[in-house]
Amino acid sequence: MENEQYFEVDHLTKFFPVKKRGQFFGKPIYVHAVDDVQFTVRKGKTYGVVGESGCGKTTLARMIMHLEKPTSGRMLFKGQDITLFNGKQMKALRRQMQMVFQDPFGSLNPVRTIRNIVAEPVRVHHIFQNRQDEKIKVQEMLETVGLSSSDEMLEKRPGQLSGGERQRVGIASALILGAEFIVADEPVSMLDASIRADIIALMMKLKEEKNLTYFFITHEFGMARAICDRIAVMYAGKMVEVADAASIVDHPLHPYTQLLIDAIPPLIPDPNWGKNISEGEVPYFTVPPPGCRYHPRCSRADELCKSEIPELVDYRDGHFAACHHV
Amino acid sequence: MPLSGNRQFNDTDSRLSKSIRAIGPLFAWWPEYRKSKVGVIGLIMVGIFIFAIILAPYIATHDPTFKDRDFMWKAPSFSHFFGTTAQGKDVFSQLLHSGQISLMIGVAAAGAVTAMGTIIGLIAGYFGGIVDEILTRIADILLVLPRLPLMLVLAAYLGPGMSTIVFVVVILGWTRIARQVRAQVMSCKQHTYVERAKSIGAGNFHIIWNHILPNVAGVVIANFVLECVTVIMLEAGLSFLGFGDPLHQSWGMMLFNAQNEGAFLFGAWWQWLPPGACIAVLGIAFSFIGNTLNDRFVLRLKNIKGGA
């Protein structure tokens, strides 16, 4: 049961068409946001995706939640192919999978009360017949996420809450339908550092209590290491390394993973830190470079890297990396 | 970056909470609204008009339709505050009773225009794509058509009457509100909370009703008031040109009659000045209110973006 294949993604790809300014005719060019990504999330585990901004991790989350249509590929939830689910089927499925958003300021409608926000999913799904039951459930959820369940709280609006409190409201709303699979898109990246730990601790506590499975997106390696069971590193739409959390941090195989780990500032200042970090940003590839996408920035790159795309290969029981020079 | 980010959000929040107050409990808009002197003056002016017009039967000194043969074209006096018409009708009493018609047509037609514009704007802005394309093109076409000649043709074709005026105004007038609502909807639907609603499994109607409409309510209300001005002016114009409802005399009709009876030629200023002034003053009063609402309660892109 523990190792059941819970959520699977198979060759998932998303290209966004872009038109140049003033271009009306001709073929659009495409941004390869997510390119041929494969992974399996296991029940009760936390699957982390790490990468820089623009590497396609948010697009991946949006595709999982059916907010974006994949260009090709398949998604399986509990063995069932959900890629082509229509609106009605998807609505039923959304009871089991919910999303926690990155931006606790923008993801809650400032016009609505906390009660309305938390109760929105149960209203959309017509769970309760009367408002009293609904109110009790909302209060229960607020307590679950560590907020007050007073009437005063229920009538507050998001603008009256702090960032951490808002994110707790977001989590309460995501869990009210009893979802088991939570897609969390950088849930703490916009919060103050002191509050992050609280929210992460809350999410981990809820995971234990409700046996949740997380798909956790972050750009911080330290965060991923602390809470994820398995970590995938994405670069420019491709997964470059996938492994168990301990293995990937202690023995990174891919040079990009090494870069991300080196980029974590040490708590005790080190005069050598930052000296050998390579430069450059994740490019939006409209025309991906031939071969390995990382080769323009890579120190190990040679002729092979420029011509041949490396495949994800299992190097050490379940530690996959896509590099020619491991 | 995070700092300036927070400031932007707070700024947006305060603007938003202002607009919440505008649509929340019945009189919650007042504290913000009263800060505008012009707005308060406009409100008082419209209040006086509405008060006088509703109580017209009790305030009027004469029967507005009674033709007094002994008092034709008499200048203002204590028995006839605003004098009499060429037919011997009391101008003051006519003014009050005609106001009912003018105001009623104004509010009814403005309401219909606003409703139509809002619905079309919501559909075009929310669904986008081909639907938006078609509706926007129709609006563009209506917008470039010369307004008055088209109205005259339509009014002449449909025959004079109140419903004709309302119909003509609605058919030609929805474009402005539709454009503004569409623009607001297009910026609203980018919000993450719309995305969140989708990820919950909410349908389009739910999203529009709960997440989009409250955000465009400010534009809708402000435009409704401004539309009242336009409609009252248009009604006056159409009536003055003879396309009004002969059975229901409005201020425009009073001007039409004054023109017909030669009041302009013979210097009977008391016959045309009061209705003309009423149209102008009521229009100004509505503009004051509409512009105040627009300034204080409508979210604008520059407010959302502009931190410093």
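Only a predicted model underlies this, so the values are computations on that prediction, with no experimental measurement involved. In what follows, every chain begins at residue 1, and chains take the letters A, B, ... in the order their sequences are listed. All heavy atoms count here, side chains included; hydrogens, waters and symmetry mates do not.
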Measure [X] against the heavy atoms of chain B and call it side chain, backbone, both or neither at under 4.5 Å.
X: Ile117(A); value: both
X: Arg62(A); value: side chain
X: Met65(A); value: side chain

Kindly determine whether Lys78(A) and Glu180(A) satisfy salt bridge (charged side-chain N to carboxylate O under 4.0 Å, His left out), including the steps that lead there. CA-CA 12 Å; Lys78(A) 292 182 178 171; Glu180(A) 300 162 343; 3.4 Å; yes

Choice from Gln102(A), Met99(A), Lys91(A), Glu120(A) maximising heavy atom contacts with chain B below 4.5 Å: Glu120(A)

Top of Asn109(A), Asn116(A), Val124(A) for chain B proximity - count of heavy-atom pairs under 4.5 angstrom: Asn109(A)

Would you please classify the geometry between the Phe216(A) ring and the Tyr214(A) ring as parallel, tilted or perpendicular, with 30° and 60° separating the classes? perpendicular

Could you check whether the rings of Tyr47(A) and Phe39(A) sit parallel, tilted or perpendicular, using 30° and 60° as the cut-offs? parallel

Find the distance between NZ (Lys189(B)) and NZ (Lys198(B)) and round it off to the nearest 0.5 Å. 7.0 Å

Between His206(B) and chain A, with a heavy-atom cut-off of 4.5 Å, which part of the residue counts as in contact: side chain, backbone, both or neither? side chain

Is it true that His66(A) and Phe85(A) have ring centroids separated by less than 6.0 Å? no

